[in-house]
Amino acid sequence: MKMTPVTRILWIVAFALIALWALFPVVWILSLSLKSSSDVSNRQFWPTEISWENYQLIIDGGARDLFLPALRNSIGISLIATLIAVLLATLAAYAIARLDFPGKNFVLYSSLAITVFPVISIVTPLFNLWSQIGLYDTWLGLIIPYLSLTVPISIWTLTSFFREIPWELEQAAQVDGATPFQAFRKVIVPLALPGVFTTAIIAFFIAWNDFLYGISLTSTSAARPVPAALSFFTGASQFEEPAGSIAAASIVVTIPVIIIVLLFQRQIVSGLTSGAVKG
Amino acid sequence: MAEIALSNIVKRYGDGFPAVNNISLHIDDGEFVILVGPSGSGKSTVLRMIVGLEDITEGDLLIDGERVNEKAPRDRDLAMVFQNYALYPHLTVYENIAFPLRLNKDAYSEEEVRERVQRAAQLLELGEHLERKPANLSGGQRQRVAMGRAIVRDAKAFLFDEPLSNLDAKLRGQMRTEIARMQRNLGVTTVYVTHDQTEAMTLGDKVAVLKRGTLQQYASPQELYREPINIFVAGFIGSPAMNFLPVTQLGGGQLESAFGSFTVPPEQARRLQGAPELLIAGIRPEALQDADLLSPEELEGRALLSAQVDQTEWLGSETYAYLPFESDPAIKEALEELDRDLDGEGMRTQVVAALDPLSRVREGDTISLAFDPADVMVFDPESGANLTRDEERAAEITARAEDQRRRALERAQAETAGR
Ligand SMILES: Nc1ncnc2c1ncn2[C@@H]1O[C@H](COP(=O)(O)OP(=O)(O)O)[C@@H](O)[C@H]1O
Ligand SMILES: [Mg+2]
């Protein structure tokens with residue numbers, strides 16, 4: 001489609017508005033995190049003077065004992081939950097995409113249904129159950145509910161990825177002289193990896209961003225993840241708003257997300273499978 | 001190099017319907033055989049059974065005399081080009097072509113792999129694209145990469161499944177010639193599936209015509225054209241397709257059609273004895289001429305039909321005239337069924353005449369069409385059988401074609417060896 005100058009300008013304006021809409025809060029938090037405690041209520045958007053005080057506070061200062069264990073918990077719990085979710089979802093999605101078995105659509109659509117299930121409704125029962133069986137305030141106690149969030153959405157996305165794979169290539173490879181296993185390893189795995197990566201990133205973010213389970217099922221820094229820990233921040237003194245340090249912590253936990261997206265954006269965006277068949 | 005034999009092959013998919021029903025074919029070493037038929041006739045299924053991607057329900061498949069029904073594809077050592085090319089998107093063109101060699105690491109050194117890939121790339125003019133990914137290639141280039149992957153190793157036979165159907169018309173013509181030349185030079189047994197009768201006629205040493213899973217006729221293109229075994233083959237082979245006119249037999253070889261009556265030669269008339277009264281006459285569009293352009297001597301012995309022209313198309317090298325007619329209800333059903341079998345676009349109750357472009361007939365004119373009554377074929381509307389088929393002449397035509405093939409192959413081989 002060729003764009004006339006007018007539509008072009010309209011598009012640019014639309015993009016700018018959306019970017020502004022999406023980035024404004026992030027920039028605000030960034031600016032807030034760089035304000036010193038006396039500067040927070042300066043009634044202007046930018047800091048009067050850039051100060052690293054808040055970062056110092058969460059990494060080396062008073063909030064350190066709250067933030068660093070939480071960071072460790074977040075990373076560990078999210079990674080483990082992601083790994084298990086992707087492993088289970090890969091197997092399930094492979095079966096759904098390739099095999100015909102009764103109940104296949106039931107599995108697929110119930111996984112979609114679960115993703116829209118309100119988390120808040122199971123938090124309280126889970127709290128009671130976990131307290132009784134000793135999973136309260138443990139990593140496992142968070143990993144299990146995180147799986148309930150990540151597995152269904154992973155099955156759903158991986159299934160659509162796997163359906164796009166030209167499975168005929170497996171046969172082409174066998175005709176070319178490959179054993180079934182060689183065909184799988186040399187042709188299907190490289191094609192499936194981008195989908196698995198993308199799914200892993202989505203699953204990781206879901207676990208990484210959770211607040212509700214994190215705040216309800218933990219009580220100490222033994223398992224409390226960052227989003228929950230943020231709500232326990234206090235200011236440098238009792239009489240100060242912790243806004244600055246919360247903002248700094250938010251920026252710190254956002255950075256890995258941005259790095260991952262930048263690193264894998266090609267895999268996320270491009271379907272590597274194009275060009276296999278006619279086009 | 002191999003000969004492939006199918007004997008009484010049957011394929012039933014899960015639903016029990018025989019997609020391929022009792023097909024027997026013998027493919028000689030170095031022969032180029034075409035499987036042709038409308039879509040859904042089971043061509044791909046036959047090919048996939050030969051290559052080993054589909055189980056054979058009944059019957060035997062022999063390669064070089066050895067039964068291979070249960071062998072895995074990799075043990076059959078056949079190369080296949082898929083309809084949608086099936087290139088590996090994550091590999092470069094070079095690696096795509098080298099793929100079959102890399103799977104056999106012991107047999108080919110790195111040096112030899114490079115040499116073979118270069119040779120295949122040169123043959124297919126892919127030299128400057130070796131480092132590109134399939135996604136960045138045009139349709140024709142992808143097609144050639146797929147062929148490169150097939151010819152890079154010394155497979156026993158090449159199998160093609162509609163390799164040109166995704167290309168535009170011009171490229172298709174070029175690649176068709178290219179494939180024919182390559183096959184002659186390499187002299188490798190080839191089975192080629194297509195639904196396009198032009199490809200079938202131009203490429204094949206022999207053509208197997210399939211209809212709904214059953215083999216109709218297996219013969220040289222010349223025999224299919226001149227002595228088709230039934231109305232399906234007659235209608236499928238030839239472009240524009242053969243005209244089918246309902247006729248009534250008046251005895252003595254005289255046939256009455258909507259456009260007038262004519263008399264077939266005595267030899268054919270004899271074959272029509274005992275045939276039903278209502279028949280279908282088949283006349284190829286190119287057998288019809290504009291009588292106005294012929295001298296009285298040329299009209300000698302010709303039959304004449306007269307009809308009103310509904311539409312003309314001037315193509316430069318010839319003019320098509322379309323002459324509609326009302327078909328007899330008793331025959332109509334047989335013609336409708338034939339049309340469905342041929343993947344037709346609707347009822348074809350019109351005659352097409354491919355006339356000399358000098359012809360001055362225009363829409364609305366009444367034209368007098370001349371033809372040699374010996375060119376008329378007559379079909380039984382019930383069974384579809386070609387009642388006027390001359391077995392002897394058919395055998396002769398195919399023997400001659402076979403002889404030509406042998407010589408062409410020897411010549412090409414001698415040339416290749418001489419280089
Ligand atoms: N995997 C399959 N399962 C069931 N039926 C099939 C399958 N593949 C093909 N068929 C049926 O077999 C018949 C022949 O198919 P195919 O060999 O693909 O025809 P062609 O290649 O001549 O178009 C068709 O009726 C088709 O519906
Ligand atoms: Mg097919």
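Note that this is a predicted model, so its numbers are computed, not measured. These values consider heavy atoms only, across backbone and side chains, with no hydrogens, waters or symmetry-generated copies. The sequence lines fix the lettering, A, B, ..., with proteins before strands; numbering per chain opens at 1.
Contact of the A:Pro190 side chain with the B:Leu91 side chain is not registered, since no non-hydrogen atoms from C-beta on lie closer than 4.5 Å.
Of all the heavy atoms in B:Leu103 and A:Ala173, the pair that sits closest is CD1-O, 4.1 Å. When all heavy atoms of B:Phe82 and A:Gln171 are compared, the pair lying nearest together is CZ-C, 4.3 Å. The two residues A:Gln174 and B:Pro73 have their closest heavy-atom pair at O-CB, 3.8 Å. Among all heavy-atom pairs drawn from B:Leu87 and A:Leu169, the shortest one is O-CD2, 3.2 Å.
For A:Trp28, the CH2 atom is loosely surrounded, since the number of other residues' heavy atoms within 6.0 Å does not exceed 12. Within 6.0 Å of CZ in A:Phe106 there are 12 or fewer heavy atoms belonging to other residues, nucleotides or ligands. Around the CD atom of B:Gln122, the shell of radius 6.0 Å holds no more than 12 heavy atoms that belong to other residues, nucleotides or ligands. No more than 12 heavy atoms of other residues, nucleotides or ligands sit less than 6.0 Å from atom CZ of A:Arg8. Annotation for B:Asn136: atom CG counts as buried by contact number, over 12 foreign heavy atoms lying within 6.0 Å. Environment of CZ in A:Phe117: sparse, with no more than 12 heavy atoms of neighbouring residues, nucleotides or ligands closer than 6.0 Å. Within a 6.0 Å radius of CD in B:Glu125, no more than 12 heavy atoms belonging to other residues, nucleotides or ligands are found.
Only the side chain of A:Gln182 comes within contact range of chain B, with at least one heavy atom under 4.5 Å from a heavy atom of that chain. Neither the backbone nor the side chain of B:Arg76 has a heavy atom closer than 4.5 Å to any heavy atom of chain A.
Without hydrogens or angle criteria, B:Tyr88 side chain to A:Lys186 main chain gives no donor-acceptor distance under 3.5 Å.
Taking CG from B:Leu101 and CG from A:Asp176, the interatomic distance works out to 9.5 Å, rounded to the nearest 0.5 Å.
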